[in-house]
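Every chain is numbered from 1 and lettered A, B, ... according to where its sequence line falls, protein lines coming before strand lines.
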Number of protein chains: 2
Amino acid sequence: MTKIEQARLSRHRTTTAAARTRSRRAVSAGEPAAPYHHGALRDALLEAAERVLERDGLAGLTLRAVAREAGVSHAAPTHHFGDLTGLVSELAAIGFTRFNAAMKAAGEQPGTPIERAMARARAYVAYAQANPGMYGLMFRTERLDYSRPALHEAAEASFAGLAGSVAARSEGPVGDEELSLDQSAAIARAWSLVHGYTMLLLDGRLADILRRSPPGTTAEKLLEAMLRATVPKLPPGA
Amino acid sequence: MTKIEQARLSRHRTTTAAARTRSRRAVSAGEPAAPYHHGALRDALLEAAERVLERDGLAGLTLRAVAREAGVSHAAPTHHFGDLTGLVSELAAIGFTRFNAAMKAAGEQPGTPIERAMARARAYVAYAQANPGMYGLMFRTERLDYSRPALHEAAEASFAGLAGSVAARSEGPVGDEELSLDQSAAIARAWSLVHGYTMLLLDGRLADILRRSPPGTTAEKLLEAMLRATVPKLPPGA
DNA sequence: AGCTTTATCTTTACGATGTAAAGATAAAGC
DNA sequence: GCTTTATCTTTACATCGTAAAGATAAAGCT
């Protein structure tokens with residue numbers, strides 16, 4: 001870990017450690033002492049983890065940091081998640097679930113299929129921009145255990161939603177298992193476009209392009225311009 | 001670090017440590033003792049780092065592991081790279097340089113502009129598949145210091161090559177600074193498509209699609225099918 | 001040539017991390 | 001009311017990045 005990162009993290013460490021000592025030891029101060037058994041530690045840890053993630057980034061998301069944030073001992077998470085991979089995977093599952101909800105809501109807006117596809121794409125990028133830590137956790141972490149049911153199902157649903165919305169406006173029947181090459185290509189194209197755009201945007205690699213674009217060109221406008229030139233390749237009936 | 005990862009790494013640790021002791025202490029065995037001054041440690045460390053990266057993945061790429069792989073003390077890299085960010089950044093610069101060479105070679109093949117664009121896209125994905133560790137280092141690591149001249153220039157050249165090859169077959173003049181919205185969109189589309197496809201492929205997220213596609217559909221064929229439906233949107237003169 | 005300076009590499013040390021194991025505490029079950 | 005189990009803390013250890021001081025050899029200088 002870099003010295004800068006250590007310094008950045010040490011701030012919260014001391015404060016939360018102090019808060020924890022106070023709440024546990026100084027009962028005379030009138031505050032209720034933190035009970036030995038938290039009661040809902042699992043959810044509290046997940047909420048703490050999300051706060052740490054969006055505040056300190058992926059590198060700051062450590063088991064001990066989460067425990068500090070939640071005000072419990074550093075080994076407390078082990079009982080609920082096994083190891084760091086477990087915690088990260090459960091948090092990613094939450095991210096996928098929320099992401100799926102946002103995509104579903106965007107797809108249910110009224111309008112032509114193309115307009116709805118655009119709305120979904122906008123929602124995709126908007127989620128990542130509003131929750132960069134979560135999106136990075138979901139799509140750039142190698143520490144995800146997809147054998148965990150929660151994560152497996154949430155990620156599966158995410159893919160199914162995407163595949164369904166793309167394949168629904170393609171020619172031919174949409175089998176539950178079999179895909180034509182054109183259908184596969186359409187799914188891969190939609191996903192690659194929006195996922196690649198999102199990653200490049202979050203990594204700051206589109207900053208150069210945006211700077212050299214006409215004044216007032218935002219990430220959203222560039223996204224729309226990019227999709228406008230791609231989507232019309234649909235069959236006329238769509 | 002997971003127990004599995006620790007076990008996976010510990011193998012090499014012991015062997016290289018043993019080799020180092022032997023080469024330094026047991027002069028009587030006839031082997032030349034490793035000199036105190038390596039002579040070309042910087043390059044040796046970069047080569048060692050690439051071996052570690054492609055063997056043990058991004059998580060295994062630690063300063064100490066690289067030092068062990070090169071047979072020197074764990075603090076030796078500090079003198080040449082400052083910290084882990086320095087080493088990682090220099091290695092990423094090498095990756096970008098090689099990547100640029102591969103893309104340039106692919107773009108110089110004979111054929112129509114569309115054929116050359118396809119060749120470049122194939123080369124892009126092929127590089128990532130042949131060097132997944134390197135590609136991950138270049139595009140998914142947060143530990144890159146783009147203020148380092150080597151990395152900055154190599155990455156800049158990479159982007160310039162992409163932007164040039166896309167903008168070259170667009171209408172209107174290609175200014176060195178100014179881009180029309182259509183030009184920006186074309187660059188963003190090409191990059192997002194191929195980068196997104198590559199990331200999804202490396203993450204194994206296209207496996208489902210490939211499995212449900214017609215028999216014999218490889219990642220390369222899916223890529224071509226995906227691009228075929230996108231590229232023809234070029235002006236007729238291309 | 002011999003001495004000094006500098007670059008290179010090693011050793012030692014420290015705080016951080018993940019994780020295992022054992023102890024403490026309170027809730028649940030009987 | 002006692003025992004069992006779940007939950008949380010404490011302690012411990014190996015690993016990591018990094019800093020600092022020591023050792024060694026090359027380079028430079030007089």
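- Residues B:T97 and B:A154 come closest through the heavy atom pair OG1-CB, 3.8 Å.
- Contact annotation: B:T62 side-chain N/O to D:dC16 OP1/OP2 distance is under 4.0 Å.
- Along DNA chain D, the nucleotide closest to A:H79 and the one closest to A:R64 are compared, and the more 5′ of them pairs with A:H79.
- B:E50 has a carboxylate O that lies under 4.0 Å from a charged side-chain N of B:R98, or vice versa, which qualifies the two as a salt bridge.
- Rounded to whole angstrom, the span from the CG atom of A:L45 across to the C1' atom of D:dT7 amounts to 12 Å.
- Pairing for C:dG29 goes to D:dC2, judged as Watson-Crick or G-U wobble with the two contacts each under 3.5 Å.
- Of the inter-residue distances, the one linking B:S184 atom OG with A:L206 atom CG reads 10.0 Å to the nearest 0.5 angstrom.
- Comparing A:A75 and A:A65, the nucleotide of DNA chain C nearest to each residue sits closer to the 5' end for A:A65.
- Atom CG of B:L58 and atom P of D:dC16 are 15 Å apart (whole Å).
- Here D:dA6 presents its C1' atom at 15 Å from CZ of A:R42, a figure rounded to the nearest Å.
- Nucleotide D:dA23 forms a Watson-Crick or G-U wobble pair with C:dT8, both donor-acceptor distances falling under 3.5 Å.
- Side chains of A:H195 and A:Y135 form a contact here, defined as non-hydrogen atoms less than 4.5 Å apart.
- Within the structure, every side-chain polar atom (N or O) of B:S73 is placed at least 4.0 Å from both OP1 and OP2 of C:dT11.
- Spacing between atom CG of A:L84 and atom P of D:dT15 amounts to 19 Å, rounded to whole angstrom units.
- At a cut-off of 3.5 angstrom, the base of C:dT12 holds at least one donor-acceptor pair with the side chain of B:H74.
- Each of D:dT9, D:dT18, C:dC9 was ranked by its minimum atom distance to the side chain of B:A76; first place goes to C:dC9.
- The interatomic distance linking B:D43 (CG) with C:dT8 (C1') rounds to 15 Å, in whole Å.
- Note: CG (A:D83) to C1' (D:dT15) measures 16 Å, nearest angstrom.
- At a threshold of 4.0 angstrom between heavy atoms, the contacts of A:H80 are confined to the sugar-phosphate backbone, with no base atom among them.
- The pair A:D203-A:R140 meets the salt-bridge criterion, with a side-chain N (NZ, NE, NH1 or NH2) lying under 4.0 Å from an Asp/Glu carboxylate O.
- To the nearest angstrom, C1' of D:dC8 lies 14 Å from CZ of A:F81.
- Residue B:R68 places at least one side-chain N or O under 4.0 Å from the OP1 or OP2 atom of D:dC16.
- The separation between B:D56 atom CG and D:dC16 atom P is 11 Å, rounded to whole Å.
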